[in-house]
Amino acid sequence: MHSISRRDFVKSTVLCGIGAGVMSCQPNLRSTNQNKTRYIAAYDTESPGCLAACRKIVKVHRRFEMPATFFMLGKTLDANPAEYRKLLDDPLFEIATHTYSHRMLRDNEFCGSAIPPEEKQKEIFKGKESVERVFERPCIGLRPGCGFDNALKGEPEVLELLRQAGIQYISSLLWGPDYSLPALLREPFNYKDEGFPDIWELPGHGWHENLLKDHNGWGPRRLTLWPSPFPEAITGGFCKTPEDEFKVNRVFLDRAAESCKSFVSLIWHPWSLNKFDPDMKMLKLTFAHALRLGLKPCTYAQLYESVSG
């Protein structure tokens with residue numbers, strides 16, 4: 001997969017038709033409820049405010065018996081290791097790394113330039129070590145801070161560091177073309193073209209939900225493609241209610257189910273979810289809808305096991 005420009009993306013959309021594959025399995029899905037699309041609840045757990053938020057999130061997960069992957073920032077985990085261990089040490093949850101301190105592993109148009117190679121090594125190795133030390137179980141996945149529009153394509157040095165660290169999958173494709181949002185419903189792939197066929201990319205989809213609410217304080221930004229592949233997910237302003245956010249979420253869940261995608265996973269941040277919706281109403285609405293569609297809940301580690309064979 002190579003990065004494409006907005007112009008190329010729009011051209012390919014017009015020629016090929018975004019909805020061409022969507023209608024092919026929709027009647028079968030609705031009539032037989034045999035959909036095989038997986039649903040992954042995943043959280044970028046990266047700030048001091050995440051602990052209180054995770055306490056509420058975990059209650060909702062246990063109520064729905066919904067698995068989850070928590071991508072833990074090493075610094076955040078090391079600040080409250082016993083509390084996070086007590087809260088998340090559960091077979092329902094996978095704990096993966098979000099690097100150690102959220103520094104960039106490659107250039108990101110909005111979040112800054114890549115750090116030097118020796119600092120990248122520290123981010124990867126220390127982040128993984130924190131998870132394994134606190135939870136006393138293997139950490140096989142990594143989501144880099146902010147993510148990128150072309151994953152780690154063209155970054156063999158970073159992939160070599162990941163291989164040395166024992167990382168088996170990464171979740172770095174978190175933007176659409178040209179750092180647009182929402183992120184498209186991309187499928188898993190491996191890095192064989194870079195010489196790392198055993199490392200898999202498992203993307204994230206949709207919006208970075210904190211940006212839907214202006215929780216980063218960025219204000220209006222150039223973010224969306226035109227025409228959008230998800231016009232129904234482009235809101236007229238920042239979300240105001242949990243119902244507003246759920247309406248955006250269901251666009252991606254519905255499209256993934258209707259087009260028979262292998263999985264769908266939205267990009268969530270505990271601190272932002274709690275700030276906007278302390279009762280976690282959006283989570284309950286989203287989980288109920290995922291189950292109503294017949295999506296198969298799992299973790300990123302379970303998806304990796306499935307796609308890697």
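We count residues from 1, following the sequence as given.
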Chemist: What pair of heavy atoms forms the shortest contact from L185 to A256, and how long is it?
Modeler: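 That closest heavy-atom pairing would be CD1-N, 3.8 Å.
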Chemist: Do I170 and W200 sit in one hydrophobic cluster, given that two such residues count as connected whenever their side-chain heavy atoms are within less than 4.5 Å of each other, even indirectly?
Modeler: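 No; tracing contacts between hydrophobic side chains, which count when under 4.5 Å, never links both residues.
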Chemist: Between W175 and N108, is the side-chain contact (heavy atoms from CB on, under 4.5 Å) condition met? List the steps.
Modeler: CA-CA 10 Å; W175 299 78; N108 178 294; 3.8 Å; yes
Chemist: Test of understanding: with side chain to side chain contact (heavy atoms under 4.5 Å, CB included), list the residues that count as partners of K56, not counting sequence neighbours.
Modeler: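 For K56 the side chain to side chain contact (heavy atoms under 4.5 Å, CB included) partners, ignoring immediate neighbours, are N274, P278, M280.
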Chemist: Under 4.0 Å between a side-chain nitrogen and a carboxylate oxygen: does that hold for D89 and R85?
Modeler: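 The answer is yes: the pair qualifies as a salt bridge.
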Chemist: Can you tell if the side chain of S47 reaches within under 4.5 Å of the side chain of L73, non-hydrogen atoms only?
Modeler: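 S47 vs L73: side chains apart.
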Chemist: With a 4.5 Å cut-off on side-chain heavy-atom distances among I, L, V, M, F, W and Y, is there a chain of contacts connecting M282 to W271?
Modeler: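 M282 and W271: separate clusters.
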Chemist: For L283 and I57, work out which heavy atoms get closest and say how close.
Modeler: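 Between these two residues, the closest heavy atoms are CD1-CG1, 3.9 Å.
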Chemist: Looking at side-chain heavy atoms only, is the closest gap between I199 and E194 below 4.5 Å?
Modeler: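 Answer no - side chains too far apart.
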Chemist: In the structure I gave you, are the side-chain heavy atoms of V248 and E245 within less than 4.5 Å of one another anywhere?
Modeler: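 The answer is no; the side chains never approach within 4.5 Å.
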Chemist: Does the side chain of Y191 come within less than 4.5 Å of R163's, by heavy atoms?
Modeler: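 Contact flag for R163/Y191 side chains = no.
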Chemist: May I ask you to test the R55-L51 pair for a side-chain heavy-atom distance under 4.5 Å?
Modeler: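 Yes, side chains in contact.
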Chemist: Is there a path from F71 to L87 through hydrophobic residues (I, L, V, M, F, W, Y) whose side chains come within less than 4.5 Å of each other?
Modeler: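 In one cluster: no.
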Chemist: Please work out whether the ring planes of F252 and F230 are parallel, tilted or perpendicular, with thresholds of 30° and 60°.
Modeler: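 F252 and F230: tilted rings.
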Chemist: Examine distances only and state if a side-chain atom of E187 and a backbone atom of S262 form a donor-acceptor pair shorter than 3.5 Å.
Modeler: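 Judged by distance alone, yes, a pair lies under 3.5 Å.
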Chemist: If you look at every heavy atom in L181 and L174, which pair is closest and at what distance?
Modeler: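 Heavy atoms only, the tightest pair is CD2-O, 4.0 Å.
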Chemist: Is there a path of hydrophobic side-chain contacts, each under 4.5 Å between heavy atoms of I, L, V, M, F, W or Y residues, that connects I124 with L77?
Modeler: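 Yes; L77 is reachable from I124 via cluster members.
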Chemist: If you measure from CD on Q121 to CG on L161, what distance do you get to the nearest 0.5 Å?
Modeler: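 That separation rounds to 6.0 Å.
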Chemist: To check you understand the geometry: which heavy-atom pair defines the closest contact between G147 and Y179, and what is its length?
Modeler: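 Scanning both residues completely, I find the closest heavy atoms to be O-CE2, 4.2 Å.
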Chemist: Just by modelled atom types, is the F246 backbone N or O under 3.5 Å from a matching donor or acceptor in the T286 side chain?
Modeler: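 Not confirmed, T286 side chain does not pair with F246 backbone.
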Chemist: Under a 4.5 Å cut-off applied to non-hydrogen side-chain atoms, are P203 and F263 in contact?
Modeler: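 A side-chain contact exists here, since the closest heavy-atom pair is under 4.5 Å.
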Chemist: Centroid-to-centroid, F70 to Y84, below 6.0 Å?
Modeler: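 Between F70 and Y84, the centre distance exceeds or equals 6.0 Å.
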Chemist: Just wondering, more than 12 heavy atoms not from E118 lying within 6.0 Å of its CD?
Modeler: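 Counting other residues, nucleotides and ligands, CD of E118 exceeds 12 neighbours.
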Chemist: Is there a donor-acceptor pair under 3.5 Å between the side chain of D279 and the backbone N or O of K281?
Modeler: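 Judged by distance alone, no pair lies under 3.5 Å.
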Chemist: Contact between F93 and T299 at the side-chain level, heavy atoms closer than 4.5 Å - yes or no?
Modeler: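 Result no, sub-4.5 Å side-chain heavy-atom pair not found.
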Chemist: Using the side chain to side chain donor-acceptor pair (under 3.5 Å) definition, which of the options E305, E94, R143 pairs with Y300?
Modeler: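 Going through the options one by one, the only one that passes is R143.
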Chemist: What is the distance from atom CD of E155 to atom CZ of R106, rounded to the nearest 0.5 Å?
Modeler: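 Nearest 0.5 Å value for the CD-CZ distance: 4.0 Å.
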Chemist: Is there side-chain contact between L152 and L162, with at least one heavy-atom pair below 4.5 Å?
Modeler: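 L152 vs L162: side chains touch.
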Chemist: Quick one: do D193 and K153 satisfy side-chain contact (heavy atoms from CB on, under 4.5 Å)? Show the steps, please.
Modeler: CA-CA 8 Å; D193 291 345; K153 289 288 187 178; 4.0 Å; yes
Chemist: With no hydrogens and no angle check, is any side-chain donor or acceptor of T45 less than 3.5 Å from a backbone partner on M72?
Modeler: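 Not at all, since once roles are kept as given, no pair shorter than 3.5 Å links the two residues.
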Chemist: Would you mind checking if E119 and K122 are paired as a salt bridge, meaning a charged N to carboxylate O distance below 4.0 Å?
Modeler: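 Salt bridge between K122 and E119, a charged N being under 4.0 Å from a carboxylate O: yes.
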Chemist: Which heavy-atom pair separates D149 from G176 by the least distance, and what is that distance?
Modeler: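 Heavy atoms only, the tightest pair is CB-O, 3.3 Å.
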Chemist: Report the distance from atom CD of E46 to atom CG of N210, rounding to the nearest 0.5 Å.
Modeler: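 E46 atom CD to N210 atom CG measures 7.0 Å (nearest 0.5 Å).
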Chemist: Just by distance, do the side chain of Q168 and the backbone of D198 share a donor-acceptor pair under 3.5 Å?
Modeler: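 No; judged by distance alone, with no hydrogens or angles, the pair does not exist.
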Chemist: Between L303 and P188, what is the shortest heavy-atom contact and its length?
Modeler: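 Heavy atoms only, the tightest pair is CD2-CG, 4.4 Å.
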Chemist: side-chain contact (heavy atoms from CB on, under 4.5 Å) between K75 and H102: does it pass, once the steps are laid out?
Modeler: CA-CA 9 Å; K75 289 179 67 175; H102 212 266; over 6 Å; no
Chemist: Say you draw a straight line from CD of E209 to CG of L266; how long is it, rounded to the nearest 0.5 Å?
Modeler: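 E209 CD to L266 CG: 9.5 Å, rounded to 0.5 Å.
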Chemist: For this output row, return yes or no: ring centroids of Y43 and H61 closer than 6.0 angstrom.
Modeler: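 They qualify: ring centres under 6.0 Å apart.
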Chemist: Just verifying a value: how many Å separate S130 OG and Y100 OH, rounded to the nearest 0.5 Å?
Modeler: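 Result: 5.0 Å between the selected atoms.
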Chemist: About how many Å separate CG of L202 and OG of S306, when rounded to the nearest 0.5 Å?
Modeler: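 The distance works out to 10.0 Å.
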Chemist: Between the main-chain N or O of A165 and the side-chain N or O of K128, is there a donor-acceptor pair closer than 3.5 Å?
Modeler: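 Such a contact is found between K128 side chain and A165 backbone.
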Chemist: Below 4.0 angstrom, N of the basic side chain to O of the carboxylate: do K247 and E232 qualify?
Modeler: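 No, no charged N to carboxylate O under 4.0 Å.
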Chemist: Does E201 reach the main-chain N or O of A151 with its side chain, forming a donor-acceptor pair under 3.5 Å?
Modeler: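 Such a contact is absent between E201 side chain and A151 backbone.
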Chemist: Report the C-alpha separation of K213 and F238 in whole Å, then their side-chain angles, then the decisive distance to 0.1 Å, and conclude whether the side-chain contact (heavy atoms from CB on, under 4.5 Å) test is met.
Modeler: CA-CA 5 Å; K213 308 151 189 172; F238 296 118; 5.5 Å; no
Chemist: Hydrophobic cluster membership, with links at side-chain heavy-atom distances under 4.5 Å among I/L/V/M/F/W/Y: are L253 and L273 in one?
Modeler: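 Yes.
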